[in-house]
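Structure, as structure tokens:
Starting from 1, each residue takes its place in the sequence as its number.
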Amino acid sequence: MSISSEHKPLGKQVTGSLHTLSPIVELNVGGEMYTTTLSTLKKHPGSKLAEMFTGQPKLRTDSEGRFFIDRPGTYFKYILEYLRSNQVPTQCIQDVYKEALFYDIEPLIKQLEDSPQIFGELVARKQFLARVPNYSENIELMIRIARAEAVASRRSSVIVCVVRTEEDAARCQDALNSLDMDKKSVVKFGPWKAAPSISDLLDCIQMDVEAKGYKISFQPHVAEKGFRFKSHDFFYKFLFTWW
């Protein structure tokens with residue numbers, strides 16, 4: 001006696017319409033196993049997650065017939081909990097936010113963006129850094145300079161000039177020219193039109209370089225030659241520690 005299609009394991013049926021499959025779904029998300037219902041996964045019809053399980057199956061299966069999603073499985077439990085009970089996660093907010101963006105679950109995205117962690121990053125810090133000219137490019141330039149100086153050294157140093165206003169930039173020009181004559185590379189940040197201070201920008205630089213896996217610290221840079229202003233008001237030395 002043949003087994004009717006509705007009793008076959010869900011994950012192994014990759015050729016038929018999902019409308020004819022069992023409502024119980026087994027998932028393998030990045031090596032983490034989950035069991036849920038089709039209705040839970042399709043709770044938000046406009047989402048990418050719902051689209052994965054609408055119409056013809058769009059996912060490959062693992063050796064056990066479970067639908068495979070190549071994403072971090074650790075955080076999928078928070079996505080699933082939200083779909084089941086509308087419970088917004090309070091842990092791993094940044095990582096869950098990335099997954100919510102991937103699965104395009106708009107209500108969860110909006111609620112996470114109201115959380116202090118995401119709000120502070122997207123609305124406050126990112127908006128500030130968007131007003132600092134060439135910020136991302138300068139971060140990459142700092143890293144390239146540090147790596148170039150890392151040969152047979154425990155630490156690399158990168159001189160950074162941070163100017164908040166056009167007036168500060170003009171005051172620093174003589175010092176920048178002198179450093180250039182001494183063949184010393186300087187990465188210049190600013191000026192910008194926003195409330196955060198120089199110390200706020202320095203913290204952002206350290207935060208974003210560390211986020212790329214580097215061990216870094218900074219201190220005021222004391223110029224070897226005298227200038228008409230205190231060099232440590234605008235010049236800083238960032239230290240990359242390699243071992």
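Side-chain contact between Leu108 and Pro89: present, with at least one pair of heavy atoms (C-beta onward) separated by less than 4.5 Å. Put simply, the side chain of Met142 reaches to within 4.5 Å of the side chain of Ile205, judged on heavy atoms. Counting heavy atoms from C-beta outward, Lys237 and Val158 have side chains that stay 4.5 Å or more apart. The side-chain heavy atoms of Leu83 and Ile105, taken from C-beta on, include a pair separated by under 4.5 Å. Annotation: side chain of Leu202 is not in contact with side chain of Gln206 (no heavy-atom distance under 4.5 Å). Residues Leu129 and Leu201 have side chains in contact (heavy-atom distance under 4.5 Å, counting atoms from C-beta outward). No side-chain heavy atom of Phe67 sits under 4.5 Å from any side-chain heavy atom of Met52.
Between the side chains of Asn28 and Glu32, no donor-acceptor pair of N or O atoms lies under 3.5 Å. With 3.5 Å as the limit, one finds a donor-acceptor pair spanning the side chains of Ser156 and Trp242. Counted by atom type alone, Glu26 and Tyr34 present zero donor-acceptor pairs between their side chains at under 3.5 Å.
Residues Trp192 and Phe128 place their aromatic rings such that the two centres sit under 6.0 Å apart.
With sequence neighbours excluded, the residues satisfying side chain to side chain contact (heavy atoms under 4.5 Å, CB included) with Ser115 are Ile93, Gln117, Ile118. Partners of Phe238 by ring-ring contact (aromatic ring centres under 6.0 Å, His included), not counting sequence neighbours, listed by chain and number: Phe218. Residues passing the side-chain hydrogen bond (donor to acceptor under 3.5 Å, both in side chains) test with Thr37, sequence neighbours excluded: Ser39, Thr40. Contacts of Val186 classified as side chain to side chain contact (heavy atoms under 4.5 Å, CB included), with partners at least two apart in sequence or in another chain: Ile159, Cys161, Leu176, Leu179, Phe235. Shown here are the side chain to side chain contact (heavy atoms under 4.5 Å, CB included) partners of Asp104, two or more places apart in sequence or in another chain: Lys48, Glu106, Ile109. Every residue two or more places apart in sequence or in another chain that forms a side chain to side chain contact (heavy atoms under 4.5 Å, CB included) with Lys98 is listed here: Asp95. The side-chain hydrogen bond (donor to acceptor under 3.5 Å, both in side chains) test applied to Lys215 returns no partner, not counting sequence neighbours. Every residue was checked against the ring-ring contact (aromatic ring centres under 6.0 Å, His included) condition with Tyr82, not counting sequence neighbours, and none meets it. Residues meeting the side-chain hydrogen bond (donor to acceptor under 3.5 Å, both in side chains) test with Asp200, sequence neighbours left out: Ser197.
By the 6.0 Å and 45° rule, Arg71 stacks over the aromatic ring of Phe102.
One hydrophobic cluster holds both Leu141 and Ile216 under the rule that ILVMFWY side chains link at heavy-atom gaps under 4.5 Å. By the rule that hydrophobic residues join a cluster once side-chain heavy atoms approach within less than 4.5 Å of another member, Leu101 and Tyr78 end up as members of one cluster. When the side chains of ILVMFWY residues are joined at heavy-atom separations under 4.5 Å, either directly or via intervening members, Met207 and Val209 end up in two distinct hydrophobic clusters.
For the pair Arg164 and Asp168, the salt-bridge criterion is not met [side-chain N within less than 4.0 Å of a carboxylate O].
For residues 141-152, the set of pairs meeting the side-chain hydrogen bond (donor to acceptor under 3.5 Å, both in side chains) definition, not counting sequence neighbours, comprises Arg147-Tyr214. A salt bridge (Lys or Arg N to Asp or Glu O under 4.0 Å) check over residues 107-129, counting only residues at least two apart or in different chains, returns the pairs Glu121-Arg125, Glu121-Lys126, Arg125-Asp208. Sorted by first and then second residue, the salt bridge (Lys or Arg N to Asp or Glu O under 4.0 Å) pairs involving residues 128-139 (not counting sequence neighbours) form an empty list.
In terms of heavy-atom proximity, Gln219 sits nearest to Leu239 at OE1-CD1, 3.9 Å. The minimum heavy-atom distance linking Gly190 with Val132 is given by the pair N-CG1, 4.1 Å. Of all the heavy atoms in Ala50 and His44, the pair that sits closest is CB-O, 3.2 Å.
Ile69 CD1 to Phe76 CZ: the interatomic distance, rounded to the nearest 0.5 Å, is 5.0 Å. Rounded to the nearest 0.5 Å, atoms OG1 (Thr54) and CG (Leu49) are 9.0 Å apart. One distance of note links NZ of Lys212 with CD1 of Ile143; it measures 5.5 Å at 0.5 Å rounding. Expressed to the nearest 0.5 Å, how far OH of Tyr75 lies from CD of Gln91 amounts to 11.0 Å. Atom OG of residue Ser153 and atom CH2 of residue Trp243 lie 9.0 Å apart, to the nearest 0.5 angstrom. Taking CG of Leu41 as the reference point, atom CZ of Phe53 lies at 5.0 Å (rounded to 0.5 Å).
Screening Glu81, Gln111, Lys43 for a side chain to side chain donor-acceptor pair (under 3.5 Å) with Asn86, the sole residue that qualifies is Lys43.
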What do the steps show when you test Tyr135 against Cys204 for side-chain contact (heavy atoms from CB on, under 4.5 Å), and what is the final call? CA-CA 10 Å; Tyr135 177 80; Cys204 287; 3.7 Å; yes
Begin with the C-alpha distance, continue with both residues' side-chain angles, and end with the deciding distance and a verdict on salt bridge (charged side-chain N to carboxylate O under 4.0 Å, His left out) for Glu99 and Lys77. CA-CA 11 Å; Glu99 296 310 297; Lys77 64 181 178 181; over 6 Å; no
Check step by step if side-chain contact (heavy atoms from CB on, under 4.5 Å) holds for Thr165 and Lys193. CA-CA 8 Å; Thr165 66; Lys193 294 182 180 180; over 6 Å; no
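Formation of a donor-acceptor pair under 3.5 Å by the Asp62 side chain with backbone atoms of Arg66 is found in this model.
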